[in-house]
Amino acid sequence: MFALVDCNNFYASCERVFNPALNGKPVVVLSNNDGCVIARSNEAKQLNIKMGTPTFVIKDMIASKRVHAFSSNYALYGEMSARVMEILSRFSPDYEVYSIDEIFIKLEGFTYHNLREYGAKMISKVTKGTGIPISVGIAPTKALAKVANKIAKKFIHKTGGVHVIDSEELMEKALLWTQIDDVWGIGRRYAEKLKKIGVTTARDFTQLPDAYVLKEMTVVGLRLKRDLSGKPTLDLEEMADRKNMAVTRSFKNDITDYAALRERVVTYVTKLAEKLRKQNSCCQSLQIFIHSNPHKKEHRKYYNSVTINLPYATNSTIVMTQYTLKGLQKIFLKGILYKKAGVIALGLAPNDSRQLAIFKEETAEHAALFSSVDHLNKKNHGKIKFAGQDLNSTWKMRCEHLSKRYTTRLHEIITIRCNH
DNA sequence: TCTGGGGTCCTAGGACCC
DNA sequence: TCTGGGGTCCTAGGACCC
(Lines give C-alpha, C1' and ligand atoms only; values in the text may rest on other atoms or scores of the structure.)
Protein backbone atom coordinates (compact mmCIF):
# COMPACT_ATOMS: atom_id res chain seq x y z
CA MET A 1 0.00 0.00 0.00
CA PHE A 2 1.01 3.61 -0.55
CA ALA A 3 0.13 6.60 1.56
CA LEU A 4 0.03 10.02 0.02
CA VAL A 5 0.32 12.69 2.67
CA ASP A 6 -0.41 16.23 1.59
CA CYS A 7 -0.33 19.44 3.61
CA ASN A 8 -3.63 21.30 3.47
CA ASN A 9 -3.37 24.73 1.83
CA PHE A 10 0.31 24.55 2.66
CA TYR A 11 1.59 28.13 2.26
CA ALA A 12 -1.52 29.60 3.88
CA SER A 13 -1.17 27.11 6.74
CA CYS A 14 2.48 28.09 7.27
CA GLU A 15 1.45 31.71 7.73
CA ARG A 16 -1.21 30.67 10.23
CA VAL A 17 1.20 28.69 12.37
CA PHE A 18 2.96 31.92 13.27
CA ASN A 19 -0.17 34.01 13.43
CA PRO A 20 -2.98 31.93 14.94
CA ALA A 21 -5.30 34.94 14.94
CA LEU A 22 -5.75 34.06 11.26
CA ASN A 23 -7.33 30.72 12.03
CA GLY A 24 -10.83 30.58 10.62
CA LYS A 25 -10.21 33.64 8.46
CA PRO A 26 -9.65 33.86 4.69
CA VAL A 27 -5.92 33.80 3.94
CA VAL A 28 -4.22 33.90 0.54
CA VAL A 29 -0.56 33.70 -0.45
CA LEU A 30 0.56 35.58 -3.55
CA SER A 31 3.08 34.67 -6.24
CA ASN A 32 6.32 36.50 -6.95
CA ASN A 33 5.73 40.18 -7.58
CA ASP A 34 2.44 39.75 -5.69
CA GLY A 35 1.03 38.92 -9.11
CA CYS A 36 -1.62 36.31 -8.44
CA VAL A 37 -3.01 33.95 -5.82
CA ILE A 38 -1.11 30.68 -5.40
CA ALA A 39 -2.48 29.37 -2.10
CA ARG A 40 -5.79 29.80 -0.30
CA SER A 41 -7.22 28.81 3.05
CA ASN A 42 -10.60 27.05 2.95
CA GLU A 43 -12.32 30.31 3.90
CA ALA A 44 -10.67 32.05 0.95
CA LYS A 45 -11.82 29.24 -1.34
CA GLN A 46 -15.35 29.78 -0.07
CA LEU A 47 -15.12 33.41 -1.15
CA ASN A 48 -14.71 32.00 -4.64
CA ILE A 49 -11.09 33.12 -4.96
CA LYS A 50 -9.57 30.78 -7.52
CA MET A 51 -6.04 29.51 -7.91
CA GLY A 52 -4.25 32.02 -10.14
CA THR A 53 -6.68 34.88 -9.55
CA PRO A 54 -4.81 38.13 -10.30
CA THR A 55 -4.19 40.14 -7.15
CA PHE A 56 -5.82 43.28 -8.55
CA VAL A 57 -9.12 41.42 -8.84
CA ILE A 58 -9.28 40.98 -5.07
CA LYS A 59 -7.45 44.16 -4.05
CA ASP A 60 -10.52 45.61 -2.36
CA MET A 61 -10.98 42.53 -0.21
CA ILE A 62 -7.30 42.74 0.76
CA ALA A 63 -7.44 46.45 1.54
CA SER A 64 -10.52 46.02 3.72
CA LYS A 65 -8.86 43.08 5.51
CA ARG A 66 -11.68 40.77 4.50
CA VAL A 67 -8.93 38.64 3.06
CA HIS A 68 -5.48 38.44 4.62
CA ALA A 69 -2.82 38.39 1.92
CA PHE A 70 0.84 37.38 2.16
CA SER A 71 3.69 37.66 -0.31
CA SER A 72 5.46 34.34 -0.85
CA ASN A 73 7.99 33.62 1.85
CA TYR A 74 9.90 30.64 0.52
CA ALA A 75 12.48 30.71 3.27
CA LEU A 76 9.67 29.99 5.70
CA TYR A 77 7.76 27.45 3.61
CA GLY A 78 10.86 25.48 2.63
CA GLU A 79 11.95 25.10 6.20
CA MET A 80 8.48 24.19 7.47
CA SER A 81 8.30 21.60 4.70
CA ALA A 82 11.56 20.05 5.90
CA ARG A 83 10.12 19.72 9.41
CA VAL A 84 6.94 18.06 8.19
CA MET A 85 8.87 15.64 5.95
CA GLU A 86 11.27 14.72 8.72
CA ILE A 87 8.40 13.68 10.96
CA LEU A 88 6.60 11.74 8.21
CA SER A 89 9.75 9.96 7.08
CA ARG A 90 9.77 8.16 10.42
CA PHE A 91 6.66 6.22 9.43
CA SER A 92 8.40 4.01 6.87
CA PRO A 93 11.91 3.50 5.51
CA ASP A 94 10.54 3.83 1.97
CA TYR A 95 9.27 7.21 0.98
CA GLU A 96 9.48 9.80 -1.77
CA VAL A 97 9.24 13.51 -1.07
CA TYR A 98 7.15 14.38 -4.09
CA SER A 99 6.87 18.15 -3.72
CA ILE A 100 7.22 20.87 -1.13
CA ASP A 101 3.97 19.75 0.51
CA GLU A 102 3.51 16.09 -0.49
CA ILE A 103 5.16 12.81 0.33
CA PHE A 104 4.48 9.24 -0.81
CA ILE A 105 5.10 6.66 1.89
CA LYS A 106 5.31 3.00 0.94
CA LEU A 107 3.69 0.76 3.52
CA GLU A 108 5.16 -2.62 2.71
CA GLY A 109 4.79 -5.31 5.33
CA PHE A 110 2.15 -3.37 7.21
CA THR A 111 -0.39 -6.16 6.69
CA TYR A 112 -1.24 -6.39 10.36
CA HIS A 113 -1.40 -2.69 10.96
CA ASN A 114 -4.64 -0.83 11.07
CA LEU A 115 -3.84 1.64 8.33
CA ARG A 116 -6.60 4.03 9.28
CA GLU A 117 -5.08 4.35 12.74
CA TYR A 118 -1.59 4.65 11.27
CA GLY A 119 -2.78 7.57 9.14
CA ALA A 120 -4.42 9.20 12.14
CA LYS A 121 -1.12 8.89 13.98
CA MET A 122 0.64 10.74 11.15
CA ILE A 123 -1.84 13.56 11.52
CA SER A 124 -1.42 13.87 15.28
CA LYS A 125 2.40 13.76 15.09
CA VAL A 126 2.60 16.42 12.38
CA THR A 127 0.01 18.61 14.04
CA LYS A 128 1.80 18.43 17.36
CA GLY A 129 5.27 18.86 15.86
CA THR A 130 4.58 21.67 13.39
CA GLY A 131 1.01 22.94 13.55
CA ILE A 132 0.52 22.16 9.86
CA PRO A 133 -2.75 20.35 8.98
CA ILE A 134 -2.34 17.34 6.68
CA SER A 135 -4.50 14.79 4.87
CA VAL A 136 -3.67 11.14 4.32
CA GLY A 137 -4.81 8.92 1.44
CA ILE A 138 -3.92 5.23 1.52
CA ALA A 139 -4.43 2.80 -1.37
CA PRO A 140 -2.76 -0.04 -3.30
CA THR A 141 -1.18 2.28 -5.90
CA LYS A 142 0.19 5.80 -6.07
CA ALA A 143 -2.53 7.10 -8.38
CA LEU A 144 -5.23 5.65 -6.11
CA ALA A 145 -3.52 7.10 -3.03
CA LYS A 146 -3.84 10.48 -4.73
CA VAL A 147 -7.56 9.84 -5.19
CA ALA A 148 -7.92 8.65 -1.58
CA ASN A 149 -6.21 11.80 -0.39
CA LYS A 150 -8.71 14.00 -2.26
CA ILE A 151 -11.57 12.10 -0.63
CA ALA A 152 -9.98 12.38 2.82
CA LYS A 153 -9.78 16.13 2.37
CA LYS A 154 -13.16 16.68 0.74
CA PHE A 155 -15.09 14.76 3.38
CA ILE A 156 -12.89 15.70 6.30
CA HIS A 157 -15.80 15.76 8.73
CA LYS A 158 -16.48 12.12 8.00
CA THR A 159 -12.91 10.92 7.41
CA GLY A 160 -11.05 12.92 10.02
CA GLY A 161 -8.44 13.50 7.30
CA VAL A 162 -7.68 9.84 6.51
CA HIS A 163 -9.18 7.72 3.76
CA VAL A 164 -8.13 4.16 2.97
CA ILE A 165 -9.06 2.38 -0.26
CA ASP A 166 -8.70 -1.28 0.63
CA SER A 167 -11.44 -3.07 -1.29
CA GLU A 168 -12.79 -3.36 -4.84
CA GLU A 169 -16.01 -1.62 -3.81
CA LEU A 170 -14.22 1.37 -2.32
CA MET A 171 -12.04 1.59 -5.41
CA GLU A 172 -15.04 1.61 -7.75
CA LYS A 173 -16.78 4.17 -5.61
CA ALA A 174 -13.72 6.42 -5.51
CA LEU A 175 -13.13 6.21 -9.27
CA LEU A 176 -16.77 7.01 -10.05
CA TRP A 177 -16.61 10.01 -7.73
CA THR A 178 -13.39 11.42 -9.26
CA GLN A 179 -13.94 13.82 -12.14
CA ILE A 180 -11.59 13.33 -15.07
CA ASP A 181 -10.06 16.82 -14.65
CA ASP A 182 -9.07 15.93 -11.10
CA VAL A 183 -7.04 12.86 -11.98
CA TRP A 184 -3.32 13.14 -11.25
CA GLY A 185 -1.54 13.18 -14.61
CA ILE A 186 -4.50 14.39 -16.64
CA GLY A 187 -4.17 18.08 -17.33
CA ARG A 188 -6.30 20.56 -19.19
CA ARG A 189 -5.48 19.27 -22.68
CA TYR A 190 -6.11 15.60 -22.05
CA ALA A 191 -9.23 16.32 -20.01
CA GLU A 192 -10.70 18.26 -22.93
CA LYS A 193 -9.87 15.51 -25.36
CA LEU A 194 -11.29 12.79 -23.11
CA LYS A 195 -14.52 14.63 -22.40
CA LYS A 196 -15.12 14.85 -26.14
CA ILE A 197 -15.29 11.06 -26.30
CA GLY A 198 -17.57 10.86 -23.27
CA VAL A 199 -15.00 10.18 -20.57
CA THR A 200 -16.04 12.25 -17.57
CA THR A 201 -14.85 10.26 -14.55
CA ALA A 202 -11.72 8.39 -13.55
CA ARG A 203 -13.72 5.19 -13.80
CA ASP A 204 -14.56 5.94 -17.48
CA PHE A 205 -10.86 6.46 -18.13
CA THR A 206 -9.92 3.07 -16.70
CA GLN A 207 -12.41 1.43 -19.10
CA LEU A 208 -10.71 2.79 -22.24
CA PRO A 209 -8.82 0.33 -24.46
CA ASP A 210 -5.05 0.29 -23.83
CA ALA A 211 -4.34 0.92 -27.51
CA TYR A 212 -6.33 4.15 -27.52
CA VAL A 213 -4.67 5.44 -24.37
CA LEU A 214 -1.23 4.56 -25.70
CA LYS A 215 -1.85 6.27 -29.00
CA GLU A 216 -3.37 9.45 -27.61
CA MET A 217 -1.50 9.82 -24.33
CA THR A 218 1.80 7.94 -24.80
CA VAL A 219 3.10 5.37 -22.36
CA VAL A 220 2.72 7.93 -19.60
CA GLY A 221 -1.04 7.75 -20.01
CA LEU A 222 -1.03 3.98 -20.19
CA ARG A 223 0.99 3.63 -17.01
CA LEU A 224 -1.44 5.97 -15.32
CA LYS A 225 -4.43 3.96 -16.50
CA ARG A 226 -2.97 0.75 -15.08
CA ASP A 227 -2.03 2.35 -11.79
CA LEU A 228 -5.46 3.91 -11.46
CA SER A 229 -7.08 0.53 -12.13
CA GLY A 230 -5.35 -0.86 -9.08
CA LYS A 231 -2.45 -2.61 -10.84
CA PRO A 232 0.72 -1.28 -9.20
CA THR A 233 2.68 0.36 -12.01
CA LEU A 234 4.19 3.54 -10.63
CA ASP A 235 6.74 2.97 -7.89
CA LEU A 236 8.59 5.32 -5.60
CA GLU A 237 11.17 7.30 -7.51
CA GLU A 238 14.72 7.81 -6.38
CA MET A 239 15.68 11.35 -5.60
CA ALA A 240 17.72 12.13 -8.67
CA ASP A 241 20.07 15.05 -9.11
CA ARG A 242 18.42 17.95 -10.85
CA LYS A 243 19.10 18.17 -14.56
CA ASN A 244 18.14 21.77 -15.13
CA MET A 245 18.07 24.97 -13.17
CA ALA A 246 16.37 28.19 -14.12
CA VAL A 247 15.98 31.83 -13.21
CA THR A 248 12.98 33.35 -14.97
CA ARG A 249 10.87 36.36 -14.11
CA SER A 250 7.99 38.41 -15.38
CA PHE A 251 8.56 42.15 -15.48
CA LYS A 252 6.39 44.54 -13.57
CA ASN A 253 5.93 46.61 -16.74
CA ASP A 254 6.47 45.65 -20.34
CA ILE A 255 9.91 46.21 -21.85
CA THR A 256 10.50 47.21 -25.45
CA ASP A 257 14.09 48.33 -25.79
CA TYR A 258 17.08 46.07 -26.02
CA ALA A 259 19.16 47.77 -23.32
CA ALA A 260 16.52 47.24 -20.65
CA LEU A 261 15.91 43.66 -21.65
CA ARG A 262 19.64 43.00 -21.71
CA GLU A 263 19.97 44.31 -18.17
CA ARG A 264 17.24 41.93 -16.95
CA VAL A 265 18.74 38.93 -18.69
CA VAL A 266 22.22 39.68 -17.36
CA THR A 267 20.78 39.87 -13.86
CA TYR A 268 19.05 36.52 -14.30
CA VAL A 269 22.11 34.75 -15.62
CA THR A 270 24.14 36.23 -12.75
CA LYS A 271 21.66 34.79 -10.27
CA LEU A 272 21.72 31.50 -12.09
CA ALA A 273 25.51 31.26 -11.92
CA GLU A 274 25.37 32.02 -8.20
CA LYS A 275 22.79 29.30 -7.68
CA LEU A 276 24.99 26.83 -9.56
CA ARG A 277 28.06 27.69 -7.52
CA LYS A 278 26.11 27.42 -4.29
CA GLN A 279 25.43 23.76 -4.96
CA ASN A 280 28.82 23.10 -6.57
CA SER A 281 27.40 22.43 -10.01
CA CYS A 282 28.19 23.66 -13.44
CA CYS A 283 26.21 23.52 -16.66
CA GLN A 284 26.97 22.35 -20.16
CA SER A 285 24.48 24.50 -22.04
CA LEU A 286 22.21 27.47 -21.66
CA GLN A 287 18.74 28.26 -22.89
CA ILE A 288 17.55 31.86 -23.13
CA PHE A 289 13.95 32.79 -23.77
CA ILE A 290 11.85 35.94 -24.09
CA HIS A 291 8.07 36.29 -24.21
CA SER A 292 5.68 39.01 -25.18
CA ASN A 293 2.78 39.82 -22.86
CA PRO A 294 0.18 37.07 -23.36
CA HIS A 295 -2.54 39.20 -21.77
CA LYS A 296 -2.27 41.98 -24.33
CA LYS A 297 -4.11 40.36 -27.18
CA GLU A 298 -3.95 43.43 -29.42
CA HIS A 299 -0.16 43.37 -29.55
CA ARG A 300 2.04 41.04 -31.53
CA LYS A 301 2.59 37.66 -29.91
CA TYR A 302 6.22 36.59 -29.76
CA TYR A 303 7.77 33.62 -27.98
CA ASN A 304 11.31 32.64 -28.79
CA SER A 305 14.19 30.78 -27.26
CA VAL A 306 17.66 29.66 -28.17
CA THR A 307 19.85 26.91 -26.78
CA ILE A 308 23.59 27.37 -26.68
CA ASN A 309 26.07 24.61 -26.10
CA LEU A 310 29.03 25.87 -24.09
CA PRO A 311 32.60 24.94 -25.07
CA TYR A 312 33.09 23.55 -21.58
CA ALA A 313 30.99 23.05 -18.48
CA THR A 314 31.11 26.12 -16.29
CA ASN A 315 29.52 28.17 -13.54
CA SER A 316 31.47 31.33 -14.23
CA THR A 317 29.25 34.39 -14.38
CA ILE A 318 31.56 35.92 -16.97
CA VAL A 319 31.44 33.01 -19.39
CA MET A 320 27.74 32.40 -18.93
CA THR A 321 26.93 36.07 -19.47
CA GLN A 322 28.93 36.20 -22.71
CA TYR A 323 27.04 33.29 -24.22
CA THR A 324 23.70 34.42 -22.86
CA LEU A 325 24.07 37.78 -24.58
CA LYS A 326 25.02 36.13 -27.85
CA GLY A 327 21.83 34.15 -27.57
CA LEU A 328 19.70 37.12 -26.65
CA GLN A 329 20.90 39.02 -29.74
CA LYS A 330 19.75 36.13 -31.90
CA ILE A 331 16.19 36.14 -30.63
CA PHE A 332 15.61 39.81 -29.86
CA LEU A 333 13.06 41.43 -32.14
CA LYS A 334 12.25 45.13 -32.23
CA GLY A 335 8.74 46.36 -31.60
CA ILE A 336 7.62 43.67 -29.16
CA LEU A 337 6.21 44.34 -25.70
CA TYR A 338 8.26 41.93 -23.64
CA LYS A 339 6.81 40.69 -20.37
CA LYS A 340 9.04 37.84 -19.34
CA ALA A 341 12.52 36.47 -19.85
CA GLY A 342 14.57 33.69 -18.41
CA VAL A 343 17.81 31.77 -18.51
CA ILE A 344 17.93 28.01 -17.99
CA ALA A 345 21.08 26.02 -17.24
CA LEU A 346 20.95 22.59 -18.89
CA GLY A 347 23.10 19.52 -18.44
CA LEU A 348 23.99 20.10 -14.81
CA ALA A 349 26.97 18.22 -13.39
CA PRO A 350 28.84 18.36 -10.12
CA ASN A 351 31.93 20.59 -10.27
CA ASP A 352 34.35 17.80 -9.62
CA SER A 353 33.03 15.33 -12.16
CA ARG A 354 32.39 17.63 -15.08
CA GLN A 355 33.50 16.86 -18.56
CA LEU A 356 36.71 18.70 -19.30
CA ALA A 357 37.23 20.23 -22.72
CA ILE A 358 40.20 19.23 -24.86
CA PHE A 359 41.11 22.54 -26.39
CA LYS A 360 39.37 25.26 -24.46
CA GLU A 361 39.37 25.50 -20.74
CA GLU A 362 38.13 28.08 -18.37
CA THR A 363 40.64 30.60 -17.16
CA ALA A 364 41.72 29.26 -13.81
CA GLU A 365 41.26 32.62 -12.13
CA HIS A 366 37.50 32.46 -12.47
CA ALA A 367 37.01 29.92 -9.72
CA ALA A 368 39.00 31.97 -7.23
CA LEU A 369 37.38 35.21 -8.37
CA PHE A 370 33.85 33.94 -7.90
CA SER A 371 34.53 32.31 -4.61
CA SER A 372 35.55 35.77 -3.38
CA VAL A 373 32.57 37.47 -5.03
CA ASP A 374 30.13 35.00 -3.49
CA HIS A 375 31.74 35.38 -0.10
CA LEU A 376 31.53 39.19 -0.22
CA ASN A 377 27.98 39.17 -1.49
CA LYS A 378 26.89 36.84 1.27
CA LYS A 379 28.29 39.20 3.86
CA ASN A 380 27.08 42.38 2.23
CA HIS A 381 23.76 41.44 0.64
CA GLY A 382 24.74 41.52 -3.02
CA LYS A 383 26.96 44.61 -3.10
CA ILE A 384 29.14 43.28 -5.92
CA LYS A 385 27.46 43.52 -9.26
CA PHE A 386 28.46 42.97 -12.84
CA ALA A 387 28.69 45.76 -15.36
CA GLY A 388 25.66 44.54 -17.27
CA GLN A 389 23.41 44.83 -14.23
CA ASP A 390 21.51 47.88 -13.13
CA LEU A 391 23.61 49.41 -10.37
CA ASN A 392 20.70 51.39 -8.97
CA SER A 393 18.70 48.19 -8.65
CA THR A 394 15.42 49.84 -9.46
CA TRP A 395 13.98 46.40 -10.10
CA LYS A 396 12.85 45.48 -6.63
CA MET A 397 10.35 42.70 -6.71
CA ARG A 398 7.01 43.73 -5.36
CA CYS A 399 6.27 41.99 -2.07
CA GLU A 400 4.11 44.23 0.03
CA HIS A 401 2.76 41.55 2.33
CA LEU A 402 5.86 39.63 3.33
CA SER A 403 5.85 37.84 6.68
CA LYS A 404 8.97 37.21 8.74
CA ARG A 405 11.45 34.40 8.30
CA TYR A 406 10.48 33.06 11.69
CA THR A 407 12.46 29.84 11.50
CA THR A 408 15.66 30.81 9.69
CA ARG A 409 16.66 34.27 10.95
CA LEU A 410 17.46 34.81 14.55
CA HIS A 411 16.43 38.46 14.52
CA GLU A 412 13.07 37.56 12.96
CA ILE A 413 12.24 34.90 15.47
CA ILE A 414 8.76 34.98 16.95
CA THR A 415 8.21 36.88 20.20
CA ILE A 416 6.03 35.35 22.87
CA ARG A 417 4.31 37.47 25.43
CA CYS A 418 3.48 35.95 28.80
CA ASN A 419 0.54 37.36 30.69
CA HIS A 420 0.71 36.25 34.30
C1' DT B 1 -2.50 49.79 -14.51
C1' DC B 2 -2.24 45.17 -12.50
C1' DT B 3 -2.05 38.05 -14.44
C1' DG B 4 4.26 33.26 -10.96
C1' DG B 5 8.28 30.24 -11.03
C1' DG B 6 10.59 25.97 -11.47
C1' DG B 7 10.67 21.52 -12.73
C1' DT B 8 10.00 16.45 -15.32
C1' DC B 9 9.17 13.07 -19.04
C1' DC B 10 8.12 11.43 -23.83
C1' DT B 11 8.06 11.53 -28.90
C1' DA B 12 9.08 12.64 -33.59
C1' DG B 13 12.22 13.89 -36.73
C1' DG B 14 16.73 15.28 -38.38
C1' DA B 15 21.63 14.45 -38.60
C1' DC B 16 24.83 11.35 -38.32
C1' DC B 17 27.34 6.59 -38.10
C1' DC B 18 28.79 1.88 -40.27
C1' DT C 1 9.49 -0.01 -62.54
C1' DC C 2 12.77 -1.36 -59.11
C1' DT C 3 17.79 2.28 -54.90
C1' DG C 4 19.40 -1.38 -47.53
C1' DG C 5 19.32 -2.01 -42.73
C1' DG C 6 20.23 -0.91 -38.27
C1' DG C 7 21.66 2.02 -35.12
C1' DT C 8 22.74 6.52 -31.90
C1' DC C 9 22.38 11.20 -30.44
C1' DC C 10 20.25 15.54 -30.13
C1' DT C 11 16.58 18.91 -29.97
C1' DA C 12 12.08 21.11 -30.21
C1' DG C 13 7.69 20.81 -28.83
C1' DG C 14 3.99 19.14 -26.17
C1' DA C 15 2.17 17.16 -22.30
C1' DC C 16 2.21 17.09 -17.27
C1' DC C 17 3.33 18.31 -12.03
C1' DC C 18 3.52 21.44 -7.69
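These numbers come from the heavy atoms of this one structure, side chains and all, not from hydrogens, waters or symmetry mates. Here the structure is a predicted model, which means the values were calculated and not measured. Order of the sequence lines sets the chain letters (A, B, ...), proteins ahead of strands, with each chain counted from 1.
Counting only heavy atoms from C-beta on, T307(A) has its side chain closest to dA12(C) among dA15(C), dA12(C), dC18(C). Among the nucleotides dG5(B), dC18(C), dT3(B), the one closest to any side-chain atom of Y98(A) is dC18(C).
The aromatic rings of Y118(A) and F110(A) sit tilted, their planes meeting at an angle between 30° and 60°.
Aromatic ring centroids of F104(A) and Y95(A) lie 6.0 Å or more apart.
Comparing the P positions of dT3(B) and dC18(C) gives a spacing of 25 Å, expressed to the nearest Å.
Both R223(A) and T248(A) lie close to DNA chain B; mapped to their nearest nucleotides by heavy-atom distance, the more 5′-ward contact belongs to T248(A). Annotation: of the two residues near DNA chain B, K296(A) and L214(A), the 5′-most nearest-nucleotide partner is K296(A).
The shortest distance between side-chain heavy atoms of L348(A) and D241(A) does not fall below 4.5 Å.
Within the structure, every side-chain polar atom (N or O) of T218(A) is placed at least 4.0 Å from both OP1 and OP2 of dC9(B). At least one side-chain nitrogen or oxygen of R249(A) sits closer than 4.0 Å to the OP1 or OP2 atom of dG6(B). Regarding contacts with the backbone of dT1(B), every side-chain N or O of K59(A) stays at 4.0 angstrom or more from both OP1 and OP2. Residue S72(A) places none of its side-chain N or O atoms closer than 4.0 Å to OP1 or OP2 of dG4(B). Here N244(A) reaches the OP1 or OP2 of dT8(B): one of its side-chain N or O atoms lies under 4.0 Å away. When the side-chain nitrogen and oxygen atoms of K193(A) are compared with OP1 and OP2 of dA15(C), none of them lie within a distance under 4.0 Å. Between K271(A) and dG6(B) there is no side-chain N or O to OP1 or OP2 distance below 4.0 Å.
Side-chain atoms of S229(A) come within 3.5 Å of backbone N or O of K225(A) as a donor-acceptor pair.
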